[in-house]
Amino acid sequence: MEGGYRIPGLLQPYVNAQTLVVRSPGRINLIGEHTDYNNGFVLPAAIDKAVYVAVDKTGGAAYRLHSVDFNETVELPAADIKPVPGHWSTYILGVVAQLTARGFRVPGFSLTVYGDVPLGAGLSSSAAIECATAFALNELLGFGLSLKELALLSQKAEHEYAGVNCGIMDQFASLFGKKGNVIQLDCRSLEYTYFPLELKEYVILLLDTQVKHSLASSEYNVRRRQCETGVSLVQEKHPFVTSLRDVTPVMIEECIPAKDIVYKRCRYVVEENIRLQEGCRDLLGGDLHSFGKKMYATHEGLSKDYEVSCTELDYLVTSVKSRPEVIGARMMGGGFGGCTINIVQQESVEKLLSELTPAYAAAMGRELRHYLVKVENGTSIIYQ
Ligand code: GLA
């Protein structure tokens with residue numbers, strides 16, 4: 001055990017004296033949604049739910065992958081790896097393919113994965129698997145890659161093997177997380193600043209819609225293209241602009257016709273970057289209420305302008321908005337399902353859940369799950 005993190009019991013049978021065990025967490029994001037691939041800012045943190053990989057060198061020319069959660073084993077020749085969309089192994093193989101593409105030789109290994117990051121809940125379980133694998137192989141095989149390189153490589157694995165053109169936030173948060181801190185990340189320069197998340201009598205409560213929308217990845221890629229279209233429209237007048245990061249609200253008004261769908265997509269992103277900067281000032285000044293209001297505004301933008309919410313997410317945010325014990329709430333992550341993130345007064349959590357859980361079931365016909373999350377460290381070796 002290192003850094004206070006233990007090997008989960010279900011992984012123990014796969015660990016021997018030579019095994020390397022790496023923990024890589026899921027993430028939350030306080031504010032700054034759909035800004036990362038627009039070169040903007042995000043404010044994520046790693047959480048106390050993680051993916052664990054137990055890895056051994058086998059030396060041969062085959063990879064043996066086992067998932068404890070799915071009770072499934074995959075064995076394949078090292079020379080013949082390809083994406084298996086929708087399958088847990090694709091995230092591991094995607095990382096191997098990226099290492100190989102960079103000229104590293106990845107000899108045979110066996111890897112067992114176990115995790116307690118809820119799948120499809122918008123907590124980046126896929127980034128956690130990628131980062132755990134990348135970190136472990138880098139260590140085991142002595143490639144000497146930096147954490148930033150591992151983040152970029154894992155992001156590329158997601159693009160090429162999972163087919164989602166994601167930004168850098170999830171992988172960065174998983175690798176760089178720091179207990180008790182949020183990470184203000186500039187997705188253009190990859191410069192980052194930690195600052196303590198001081199919640200006082202409040203806690204972070206995730207409400208899981210239990211909706212896993214099939215549109216999530218295709219619509220995600222569509223939003224990305226719409227933002228690029230917006231940039232090319234602005235460029236006609238402002239050639240120095242290379243991403244929405246450089247765009248101001250005035251430029252949007254000048255360059256993109258208001259009736260165009262691209263107008264509201266870009267307006268949301270530009271406003272969200274501004275909101276994040278102001279939100280960081282709120283957090284530094286200890287003004288959680290003002291920060292919470294910005295979370296509600298983000299939700300409004302994601303729902304109405306960016307259109308990545310869904311009925312269930314909107315229901316949850318609307319239900320808590322009038323409650324004084326919930327000072328901020330919004331959908332989190334890519335959207336079309338997954339969780340809302342809520343800042344809730346600790347002593348009111350139980351009462352809130354006892355009212356909201358049956359109401360959600362009655363209105364949406366689904367079970368409401370919840371997770372009280374703590375901010376934890378990023379990827380690390382927990383056994384060697
Ligand atoms: C997903 C992506 C991230 C980010 C968010 C939206 O989680 O993987 O890169 O774009 O959606 O903020």
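Hydrogens, waters and symmetry mates play no part in the numbers below; they use all other heavy atoms, side chains included. Counting convention: from 1, in listed order, for ligands and their atoms alike.
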Which of the ligand 1 atoms, numbered from 1, are nearer than 4.0 Å to a heavy atom of Tyr37 | 10 (O)
Heavy-atom donor-acceptor pair, Thr357 side chain to Ser354 backbone, under 3.5 Å | no
Decide whether an N or O pair under 3.5 Å exists between Thr35 and ligand 1.
-> no
Does Leu140 belong to the same Ile/Leu/Val/Met/Phe/Trp/Tyr cluster as Leu150, with side-chain heavy atoms less than 4.5 Å apart forming each link?
-> yes
Polar proximity ligand 1 side, Gly167 side, N/O cut 3.5 Å exclusive = yes
Which protein non-hydrogen atom lies closest to atom 3 (C) of ligand 1, naming both residue and atom, and how far is it?
-> Asp36 OD2, 3.3 Å
In this structure, which one of Ser154, Ser24, Ser124 forms a side-chain hydrogen bond (donor to acceptor under 3.5 Å, both in side chains) with Ser174?
-> Ser24
Closest to atom 2 (C) of ligand 1 (heavy atoms only, candidates Tyr220, Phe172, Tyr306) is Tyr220
What about the rings of Phe176 and Tyr192, do their centers lie closer together than 6.0 Å?
-> yes
State whether the shortest distance between N or O atoms of Cys166 and N or O atoms of ligand 1 falls below 3.5 angstrom.
-> no
Any cation-pi pair here, Lys178 with Tyr194, using under 6.0 Å and within 45°?
-> yes
Any idea how Trp88 and Phe70 line up, ring-wise: parallel (<30°), tilted (30 to 60°), or perpendicular (>60°)?
-> parallel
List the closest protein heavy-atom neighbour of atom 1 (C) of ligand 1: residue, atom name, distance to the nearest 0.1 Å.
-> Asp170 OD2, 3.7 Å
Taking atom 5 (C) of ligand 1 as the reference point, the nearest protein heavy atom with its distance = Met169 CE, 3.8 Å
Can you list the ligand 1 atoms lying under 4.0 Å from a non-hydrogen atom of Gly333?
-> 6 (C), 11 (O)
May I ask you to list the atoms of ligand 1 that are less than 4.0 angstrom from any heavy atom of Arg27?
-> 7 (O)
Would you please name every residue forming a side chain to side chain donor-acceptor pair (under 3.5 Å) with Tyr306, sequence neighbours left out?
-> Tyr37
